[in-house]
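Down below is the structure, laid out as structure tokens.
Below, all heavy atoms of this structure are taken into account, side chains as well, without hydrogens, waters or symmetry copies.
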Amino acid sequence: MNKSERVVIVGAGHAGGSAAALLRQYGWQGLLTLIGAEPVPPYQRPPLSKAWLKGDGNLADLLLRPAAFYQNSHIDFRASCRVAAIDRAARTVSLKTGECLPYDHLILATGSHARSLPVPGHNLAGIVELRTLADADRLRTMLRPNARIAIIGAGYIGLEVAASARMLGAEVVVIERESRVLARVASLPLAEFFHRHHAGVGVRIILNATVEEFCGTAGRVAEVRLSDGAAIPCDAVLVGVGAAPSDALARTAGLACTNGIVVDLAARTSDAAIHAIGDCTHRPLPRYNRTVRLESVPNAIEQAKQAAADLCGRALPAPEVPWFWSDQYDVRLQIAGLPFDVAEIVVRGDPETGSFAIFHLAADGAVQAVEAVSAPAEFMAGRMMIARRKQVVAARLRDVSCSIRELAA
Ligand code: FAD
């Protein structure tokens, strides 16, 4: 590598920030520029719906690395700076400021953005989405004791905010279009567990409900109107209806995109000079013989390792089993794998105790995925079984007197 070679990373989130640090760790001696649209150095988003909303922690705890790290590592970090376009022929990116930066290698780490709900009234004050630290700080001021919070969408972010708001003493209503909570992202037994848990602490959950409009007084939201005519009075609304890949830059530049920027196992895009990592990508998953778009911190870090290794001429890391976590109240959910080609679902442990695991088995008994609720041993064992394509007998898995470690061995 030539010391004047330049890597430019677009997007200073979990993936971009990790890639910058890993490039230095793996011995990249060339120039390195990290460009982020937000005003802060790379930080962790998961606490934004959990500890941060409850007022726990400070900015230093949220940052991936101390602010001084970038200067000390000779990383030219540019905050509050947005890339407007990529010129692949000239190998340059142009910034919103009009400045043009050359690159030899480009890493796109533009993440995803919260989907909006474009119904009448969506611009009223008091309606927020949750993606950035600025969003979280805005939401935090609204979560006061007895404040009436309406949450649109019962996915992970919606339910995590419901838990945080309830713990702060707010009155919470969750409005979901589907017939159950976590409809796209969890199995039925898991969804039923979380529904019961939230309802048990006083969260009102309305299912099969479509938001028709937001109504306000003096420019501020005061009510959510549903298509069946119901009106939900509220002081604030969180719209948590999912995220979409931020792949517009890549699409405009002509890179192959299908629900995210298409990459291979080295995080390479359809242009040899451009890698893409994190939420903005559509990636292969060899364990399942499929391509998917994932939104998780472990995925962002895994792909940052792939891109950094590829650029530094190192062996690529072995593919990981995808995993994810969610914290709600005192419940820690950990999920490993994805429930593709599932023939049988096995519940190990009693959900009533608050500690149990749901294993998803293929027809040959191979463990495809595990959803573990406050059950770290089952999560660890499940993850190992998925990686090794371990086949298990459902009855033994269901029998809690059979040691999970022995089943995984
Ligand atoms: P991002 O973190 O979205 O970062 C992308 C960055 O690129 C952003 O800062 C954006 O401003 C910037 N950018 C975009 N376009 C440009 C441009 N043109 N120029 C310059 N900069 C640009 N995952 C888990 O595994 N567990 C959890 O518990 C969990 N909880 C979450 C809670 C919340 C509230 C949210 C929002 C996410 C959560 N996630 C969780 C998901 C996880 O945070 C993401 O998967 C992860 O942040 C993805 O990292 P990324 O770098 O790909 O994208």
Side-chain angles (χ1 to χ4, degrees), residues 7-26 32-53 57-67 69-70 73 75 77-83 106-114 129-137 155-157 160 242-247 249-250 260-261 263 267 275-283 292-311 317 319-327 334-336:
V7 174
V8 171
I9 303 174
V10 184
H14 221 116
S18 302
L22 285 161
L23 278 164
R24 286 297 185 226
Q25 190 185 320
Y26 293 173
L32 183 45
T33 302
L34 174 64
I35 304 173
E38 293 183 67
V40 274
Y43 61 89
Q44 312 168 60
R45 289 184 206 282
L48 297 184
S49 47
K50 312 173 182 86
W52 190 261
L53 278 187
N58 53 42
L59 184 60
D61 297 331
L62 209 60
L63 296 181
L64 286 191
R65 288 174 185 77
F69 167 84
Y70 301 93
S73 308
I75 297 168
F77 168 56
R78 304 190 184 195
S80 303
C81 183
R82 183 168 280 279
V83 170
L106 185 65
I107 300 180
L108 296 177
T110 45
S112 51
H113 54 272
E129 291 158 357
L130 179 54
R131 183 74 205 170
T132 64
L133 181 55
D135 294 335
D137 285 342
Y156 286 118
I157 289 183
E160 286 178 1
S246 299
D247 57 1
L249 264 184
I261 309 165
V263 293
H275 288 74
I277 57 178
D279 280 17
C280 65
T281 67
H282 190 96
R283 56 160 292 173
V292 290
R293 191 173 81 78
L294 298 174
E295 289 172 15
S296 75
V297 164
N299 172 64
I301 296 172
E302 183 190 11
Q303 288 188 297
K305 286 182 191 160
Q306 293 170 351
D310 196 39
L311 286 173
E320 291 172 17
V321 172
W323 66 279
F324 179 81
W325 78 93
S326 172
D327 294 324
Q334 293 166 296
I335 299 179

Residue list, ring pair (Phe, Tyr, Trp, His ring centres under 6.0 Å) with Phe77, at least two apart or on another chain: Tyr70
Which residues pass the side-chain contact (heavy atoms from CB on, under 4.5 Å) test with Ala51, sequence neighbours left out? Asp56
Mark yes or no for whether Arg293, through its side chain, and Cys280, through its backbone, hold a donor-acceptor pair below 3.5 Å. no
Distance-minimising heavy-atom pair for Ala136 and Leu53: O-CD2, 3.7 Å
Hey, could you give me the CG/CG distance between Leu23 and Leu311, rounded to the nearest 0.5 Å? 6.0 Å
Going by side-chain contact (heavy atoms from CB on, under 4.5 Å), name the residues that satisfy it together with Ala15, two or more places apart in sequence or in a different chain. Ala109, Ile277, Ala300
Taking only residues two or more places apart in sequence or in another chain, which ones pass side-chain contact (heavy atoms from CB on, under 4.5 Å) with Ala37? Arg82
Shortest non-hydrogen contact from Gln303 toward Gly278: OE1-N, 2.8 Å
Using side-chain hydrogen bond (donor to acceptor under 3.5 Å, both in side chains) as the criterion, list what pairs up with Glu38, not counting sequence neighbours. Tyr43, Arg45
Taking every non-hydrogen atom, the tightest pair across Ile301 and Ser18: CG1-OG, 4.1 Å
Rounded to the nearest 0.5 Å, what separates atom CG in Leu249 from atom CD1 in Ile261? 8.0 Å
According to salt bridge (Lys or Arg N to Asp or Glu O under 4.0 Å), who are the partners of Arg78, at least two apart in sequence or on a separate chain? Asp76, Glu99
Asp247 vs Thr110 side-chain heavy atoms within contact, under 4.5 Å: no
To the nearest 0.5 Å, atom CG of Leu106 lies from atom OG1 of Thr33 at 10.5 Å
Least distance between heavy atoms, Ala250 atom then Leu108 atom: CB-CD1, 3.9 Å
Shortest non-hydrogen contact between Gly11 and Leu34, atoms and distance: O-CD1, 3.7 Å
For Glu160, what residues pass the salt bridge (Lys or Arg N to Asp or Glu O under 4.0 Å) criterion, not counting sequence neighbours? Lys50
Under the side-chain hydrogen bond (donor to acceptor under 3.5 Å, both in side chains) test, which residues partner Arg24, sequence neighbours left out? none
Kindly compute the distance separating CZ (Phe69) from CD1 (Ile75), expressed to the nearest 0.5 Å. 4.5 Å
Please identify each residue that fulfils side-chain hydrogen bond (donor to acceptor under 3.5 Å, both in side chains) with Gln334, with sequence neighbours left out. none
With sequence neighbours excluded, what pairs up with Ser296 under the side-chain hydrogen bond (donor to acceptor under 3.5 Å, both in side chains) test? none
State which residues pass ring pair (Phe, Tyr, Trp, His ring centres under 6.0 Å) with Phe324; sequence neighbours excluded, sorted by chain then number. Tyr156
Can you find a heavy atom in the side chain of Pro322 that is under 4.5 Å from one in the side chain of Val292? no
Residues Gln44 and Leu63: closest non-hydrogen pair is NE2-O, 4.2 Å
How many angstroms lie between CG in Asn299 and NE2 in His14, if you round to the nearest 0.5 Å? 11.0 Å
Would you say that Trp325 contacts Val297 through its side chain, given a criterion of any heavy-atom pair below 4.5 Å between the two side chains? yes
If you round to the nearest 0.5 Å, how far is CD1 of Ile9 from NE2 of His275? 11.0 Å
Kindly write out the residues that satisfy side-chain contact (heavy atoms from CB on, under 4.5 Å) with Glu320, not counting sequence neighbours, or none if the list is empty. Glu302, Lys305
Does the side chain of Leu48 come within less than 4.5 Å of Thr132's, by heavy atoms? no
Would Glu295 and Ser112 satisfy side chain to side chain donor-acceptor pair (under 3.5 Å), going step by step from the backbone distance to the final call? CA-CA 8 Å; Glu295 289 172 15; Ser112 51; 4.5 Å; no
